[in-house]
Amino acid sequence: MTVRVRIAPSPTGSPHVGTAYMGLFNYAFAKSHNGSFILRIEDTDQTRSRPEYEDGIFKSLKWIGLSWDEGPDKGGDFGPYRQSERTEIYQRHVESLLHNHKAYRCFCTAERLAEMRAYQRANKLAEGYDGYCRDMGQEESERRLKNKEPHVVRLMVPDLGECVMEDRLRGPICYDFKQIDDQVLIKSDGFPTYHLANVVDDHLMKVTHVIRGEEWVSSTPKHILLYQAFDWTLPEFIHLPLLLNPDGSKLSKRKNPTSVEYYRDAGFLPEALLNYLGLMSYSRPDQQEKFSLDQFVSDFNIDRVSLGGSIFDLQKLKWLNARYIRENYSPEQLWDQLSAWRLNSEYLSKMVPMMQNRLHTLGDLIPACAFLLATDVEHDPAILQSKNRDASTSAELLHTVLLALEDMECWEADLIKANIEKTASFHQIPIREITSMLFVAVSGMKVAPPLYQSMELLGKDMTRRRIQNAISVLGGLGKKKIKKLEEKWAAARHNSETISDKAVDNE
RNA sequence: GUCCCCAUCGUCUAGAGGCCUAGGACACCGGACUUUCACUUCGGCAACACGGGUUCGACUCCCGUUGGGGACGCCA
């Protein structure tokens, strides 16, 4: 049997280090068994998937040094490798489930489901779909289908019994079917959910080992049920522990830089990052901490992974990166790396127009722009804090900026400006009050080149990180405050969207 | 809240019942080297969550407690 494994990222944001982490272990497992490593794009979420992000995934994985045998950009015998191009396949498969009464159409509206959940929560009942449409007659189901009533297709999960899944690292894990509700397989837009698409594709692509993050453990019973419904052989399941924030929670961009692009922009070498990832929950038999991808693969043994989640420790990453810099490069080679990074005329020349009026001598350029070429900047709370506000309010303002920038897909000065303006109007304060502080947060200095252009040049992830650091220098924000602020922000955004929608309608 | 997973220094980890007075690495603290800094080097600090079993013997096996995390979406 040829080993075939895959990673299946969804293109809904900057490529995540967690994806690279899973990629590394899948790659190592495949290559150490002379198997194939597949890249599949899970873009079934039509509202969030973006082609630019897909491209970002390709680039980041290549940058870090991982290559795949089959994928959307490479082809292969089991394509297409982009789920949005496989809808017809899922339709066909779900028809057979419908036919065999393993699944059913559900016409419940979002409103009804929301009410149901509210009721369940209020009465402290188990949350999950209540099976309202489950026993609908075939005739009614067909009739409403012909009427083009919006609906989803749900998996028929048994009421009784239990599902035992075998995890290679954890042994048998037992789930009671009572705890599992009827999972949606096809959304009302006709696209499959992850659960359906992943099972169908893994089977059709002859995936032998499903190596993925621990967050998937609890949905594995649904997947097993699907394999059984189709009468397919199960792959082997291997759930790897998660990468963690310093506080022990799942690594998240709210608290930490998570995108591979951040590490690139911050000046880390791809092989050091990849090497560091290979240290997470894993140790080589010889205890070596610095190793190449080939070395990692050569004696890779998935049974050596330890089960506790690993905190992603920037300090140790920096130490490893430093070792690569001094041990693996001649000065000439290092210069090549530096110019591939930001010390090149393409990047540096962008500073010139924004600095021209500010230069007294040519030598003024670099000191003033140093923050654009730095991994981190030092924040002085005394100058960071807004003059007429306390540290906590200042932090709150900065956090709002983070929220405003979060969903930006296109990182350009004009759009950044527009989003900062939103922040100001949200707090009903002059934009100055925010920008003056933001200057310091982003640059670490009181005097800096134009803000929005600097942010554009720095890059989204670096900018985020600077602001996060600034917030923590200001003493951080409590969980409650953050939650409250985020709710208010979401509500305000919702309102402004409905207002602008109406405006469009009126026209 | 319910279900599931996990548990060795602050962090990453070694440890497959006696090899453990628990080893290594990062960070931190000292010393040496160095015009300075860095590198290097020597040393130090620092952990088996707790309670019960099993056993001649538990870091290691079993049970419980506690703690942490994850999942409970027409997101993946």
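Each chain gets a letter, A, B and so on, in the order the sequences are listed, and its residues count up from 1.
Nucleotides B:C48 and B:G30 are separated by 28 Å at their C1' atoms, to the nearest Å. On the P atoms, B:U65 is 12 Å away from B:C3, given to the nearest whole Å. For the P atom pair drawn from B:U60 and B:G15, the interatomic distance equals 15 Å after rounding to whole Å. When the C1' atom is used for both B:A46 and B:C26, the distance is 13 Å, rounded to whole Å. A gap of 15 Å separates the P atoms of B:A7 and B:G64, to the nearest Å. Spacing of P atoms, B:C29 relative to B:C37, comes out at 14 Å, to the nearest Å. Comparing the same atom, P, in B:G51 and in B:U66 gives a spacing of 15 Å after rounding to whole Å. B:A47 and B:G10: their C1' atoms are spaced 10 Å apart (whole Å).
Within the 4.0 angstrom heavy-atom criterion, no nucleotide atom of any strand lies near A:Arg212.
Because its NZ or CZ atom is not both nearer than 6.0 Å to the ring centre of A:Phe78 and within 45° of the ring axis, A:Lys206 does not count as a cation-pi partner of that residue.
Annotation: ring-ring contact (aromatic ring centres under 6.0 Å, His included) contacts involving residues 271-309 of chain A, sequence neighbours excluded, comprise A:Phe25-A:Tyr282, A:Phe25-A:Phe296, A:Phe25-A:Phe300, A:Tyr276-A:Phe312, A:Tyr282-A:Phe296, A:Tyr282-A:Phe300, A:Phe291-A:Phe296, A:Phe296-A:Phe300.
Between the P atom of B:U11 and the CG atom of A:Asn245 lies a distance of 14 Å, rounded to the nearest Å.
At a cut-off of 3.5 angstrom, the base of B:A25 holds at least one donor-acceptor pair with the side chain of A:Lys316.
Applying the 4.0 Å criterion to OP1 and OP2 of B:G24, one finds that A:Ser283 has every side-chain N and O outside that range. Regarding contacts with the backbone of B:C39, every side-chain N or O of A:Arg323 stays at 4.0 angstrom or more from both OP1 and OP2.
Between the side chains of A:Asp265 and A:Trp341, not a single donor N or O lies within less than 3.5 Å of an accepting N or O. Inspection of the A:Tyr53 and A:Asp43 side chains reveals no N or O donor paired with an N or O acceptor under 3.5 Å. Counting only N and O atoms by type, the side chains of A:Tyr81 and A:Glu70 include a donor and acceptor under 3.5 Å apart.
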Contact letters for nucleotides 69-76 of chain B, in which S counts primed atoms plus P, OP1 and OP2 and B counts the base, heavy atoms under 4.0 Å: SSSSSBBB
message: Return a single string for nucleotides 43-50 of chain B, one symbol per nucleotide in 5' to 3' order, where B is base contact, S is sugar-phosphate-only contact and - is none, cutoff 4.0 angstrom on heavy atoms.
response: --------
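The aromatic rings of A:Phe237 and A:His239 sit parallel, their planes meeting at an angle under 30°, below the 60° perpendicular limit.
In this structure, the side chains of A:Arg40 and A:Met205 come closer than 4.5 Å at one or more pairs of heavy atoms.
For the salt bridge (Lys or Arg N to Asp or Glu O under 4.0 Å) test, residues two or more places apart in sequence or in another chain that qualify with A:Glu85 are A:Arg82.
Listed in residue order, the members of residues 289-300 of chain A having a heavy atom less than 4.0 Å from RNA chain B are A:Glu289.
Annotation: of the two residues near RNA chain B, A:Leu169 and A:Pro246, the 5′-most nearest-nucleotide partner is A:Leu169.
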Protein-nucleic acid N or O pairs under 3.5 Å, nucleotides 20-23 of chain B:
unit_1, atom_1, unit_2, atom_2, d
B:G23, N2, A:Gln287, OE1, 3.4

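To the nearest 0.5 Å, atoms NZ (A:Lys316) and CD1 (A:Ile311) are separated by 13.0 Å.
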